[in-house]
Every structure is written in C-alpha cells, then in structure tokens.
Protein chains: 2
Amino acid sequence: MVMEEQKSLSFTLDPKSGVPYYKQVILQVEMAIADGRLTTGDQLPTVRSLAVDLKINPNTISRAYREMEIRGIVNTQQGTGTFISEKEIEISAVEREKILASLVRDFVIKANSYGIDMDQVIDYLQEMRDNEPLKA
Amino acid sequence: MVMEEQKSLSFTLDPKSGVPYYKQVILQVEMAIADGRLTTGDQLPTVRSLAVDLKINPNTISRAYREMEIRGIVNTQQGTGTFISEKEIEISAVEREKILASLVRDFVIKANSYGIDMDQVIDYLQEMRDNEPLKA
DNA sequence: TATATTGTACTAAGGTATTAGTACAATATA
DNA sequence: TATATTGTACTAATACCTTAGTACAATATA
C-alpha cells in the first residue's frame, strides 16, 4: 500500500449557520480542492479522527464522505481511508453539458432576481479568472 | 388606484417533483420575469384566486409572495394585491456585488466539483447571452 | 359606512432531514 | 491468525420544513 499524502486541513463547524454538518464538511473539502490545498490522491482525515476533532458522530462524517463518493469527488475503501479521486473521468461531455446547463439556469435565475444581468456575471467571472484562478 | 396590467399566466404545480409548492410558484414568477412575460408593475394573481386555481391553501401562495417581497421581487399591499417591483432600486451596487460574489462562489464550487472549469462556464454563458437573451 | 376584496396570523399535522447510539464489517498489517 | 484501523448498517430522537385549517386585518370602493 502506497502511503498517500495526508495533509493537515483544519475543518471547522458552525452550529449556528443552519447548514447541516455533513454539508459543511463537503463544502470545505470542495473549497480545498478548488484552491489547490487538496488534490488527486490526497487522503482525507479518517471518519473517526475527524469525528473526534469536530466532536460529532462518526456517521455524520461518513455521510459527507459517502455523498462525495457518489458525486465522484472521493474514493473510499474500508480499512484504508478516503482519498481525493482521480479527475472525474466518469463524467461524459454530454452529461457535463447537462449539469452545466442546469447549474447555469439556476444561477442565472437567481442573479436575475437580484437585478444582475448576464453581462455583469460574465464580466465578474472573467475578472475572477484573470486575477485569481481557482484551479491550481 | 391605477389598474395595473393583470396578465394571464398559467401556473402549474408538480406534486411529484419534491420541490415545495411555494418554491415552484416563486420559480415560475422568476422565470416569467426573466423572459419578459412579467415586468415592473404587473399584478400577480391574488392569493385566493391562485390558491383556487392550483387547489392548494391560500397560505401557501401567501408564503411564496412573502418570500418574494423579502427578496424585493414584488410589492404586496393588503386589499390591493401583489405587483412586480420597480426594478430593485433598493439594492446598492455594493450590496449587489456582495450577492453576486456569493452566488458566483457557490456556483463555481459546484461546477468545479463536476470538473467544469471557469473557461467552460464563461464560454457557455457567452453563447447563451448571444443566442437567446434571457432579458426582454 | 357597509361590503367586497385583498393579504395575514396563529396553530397544528404530517413528513423529511439531520444527527447520534450502538453494534458491525472490511481491510491492512504485525 | 490476531489485532488495529478503516468505514458502515440500522435504528431512533429531535428538529425543521411544508402545508392546511381557521379566523382575522387592512384596503378599496359602492
């Protein structure tokens, strides 16, 4: 068994946010991937250790990891651990297009309801991309 | 009292979708605004009439309208009705920027978790804007 | 003022989501 | 094989979400 890199990420929970714990965990992993702190092959904290750290039940961590596994973000193996996946080869271009379409649709409707139009959104995204790329 | 335009929109509900009724109503109003079927000053169906049409409780419609009022999408007055707001003058540029930032952040994280990067997103949005603008 | 029309407050029922308790199962490794 | 380490299944408690029932309140208008 190859020893994968076990990075020390600091997870935190906000009980008052209204966001479920398992979703907060997922979000933090996603953000760590997005900004490069986590990458392919990295090991996440074990279910038990993270549960102890965060003082919550192991099943709650397990649920977060399971959801990410379903989404293809991580791979889990009992007895071994949970690791960031090889980059989602399993999503076809067509499927990705569909997902993107639905994400964009929701997003545009929301933005629109705040009086923000597509030009603004596009400008914003371009600036964002040019100034501080999210992907490592 | 000026008689505002009362357009005939056809609302529908899908009980099997898992999306709450009040959210379905909000979504349909938002989409109607986005594609121009509804615009500033238009009156929405009354709470009661829409409740009868959709065969649900008036409070459910009321909740949808109240949420939209909080978001600044509509203005409600008892005895008079519910109308599409004058274009959100109440949102400052700074506030709008903040909202946009948080919307974009959520969106990018989601897209990223599906392996979709910003360039793809921007391309997609640009095509969308150029081909079939959402705003009338 | 009287009446119709509009939205609202308060409450409760039912369902769903979230989390924890407890015991278990799969894998790695000495 | 024995033991430690990893994740999991099943259940139940609690909280929250959604909707409806009922009665009410504010406004418009005859």
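Each chain gets a letter, A, B and so on, in the order its sequence line appears, and its residues count up from 1.
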Side-chain atoms of residues 51-58 of chain A: list all donor-acceptor pairs with protein atoms under 3.5 Å, sequence neighbours left out, distances to 0.1 Å.
| unit_1 | atom_1 | unit_2 | atom_2 | d |
| --- | --- | --- | --- | --- |
| A:Asn57 | OD1 | A:Asn59 | N | 2.9 |

Validation row: A:Thr12, A:Gln28 side chains within 4.5 angstrom (heavy atoms) | yes

Rounded to whole Å, please give me the gap between [atom1] in [X] and [atom2] in [N].
| X | N | atom1 | atom2 | answer |
| --- | --- | --- | --- | --- |
| B:Phe83 | C:dG7 | CZ | C1' | 12 Å |
| A:Leu13 | C:dT18 | CG | P | 14 Å |
| B:Leu50 | C:dT5 | CG | P | 17 Å |

What heavy-atom pair brings [X] and [Y] nearest, and what distance separates the two atoms?
| X | Y | result |
| --- | --- | --- |
| B:Tyr65 | B:Val47 | CD2-CG2, 3.9 Å |
| B:Gln24 | B:Leu13 | OE1-CA, 3.4 Å |
| B:Pro15 | B:Tyr21 | CB-OH, 3.6 Å |
| B:Glu69 | B:Asn75 | OE2-CA, 3.6 Å |

Between B:Ser62 and C:dG7, is there a side-chain N or O to OP1/OP2 distance below 4.0 Å?
->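 False: B:Ser62 side-chain N/O out of range (4.0 Å or more) of C:dG7 OP1/OP2.
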
So, is A:Thr82 near the phosphate of D:dG7, with a side-chain N or O under 4.0 Å from OP1 or OP2?
-> yes

Which nucleotides of nucleotides 16-27 of chain D have their base under 4.0 Å from a protein heavy atom (B), which only their sugar-phosphate (S), and which neither (-), written as one string 5' to 3'?
-> --SBBBB-BBSB

Does any N or O in the side chain of B:Ser85 come within less than 3.5 Å of the main-chain N or O of B:Ile73, such that one atom is a donor and the other an acceptor?
->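 Here the side-chain-to-backbone pair exists.
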
Closest-nucleotide 5' rank along DNA chain D - winner of A:Gly81 and A:Arg66 =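 Looking at the nearest nucleotide for each, A:Gly81 comes out on the 5' side.
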
Dot-bracket line, read 5' to 3' along DNA chain C, where crossing pairs take [ ] and | marks a partner on another strand, Watson-Crick or G-U under 3.5 Å = ||||||||||||||||||||||||||||||

Applying the side chain to side chain contact (heavy atoms under 4.5 Å, CB included) test to A:Val29, which of A:Asp42, A:Thr82, A:Leu44 qualifies?
->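 With A:Val29 as partner, A:Asp42, A:Thr82, A:Leu44 yield a single side chain to side chain contact (heavy atoms under 4.5 Å, CB included), made by A:Leu44.
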
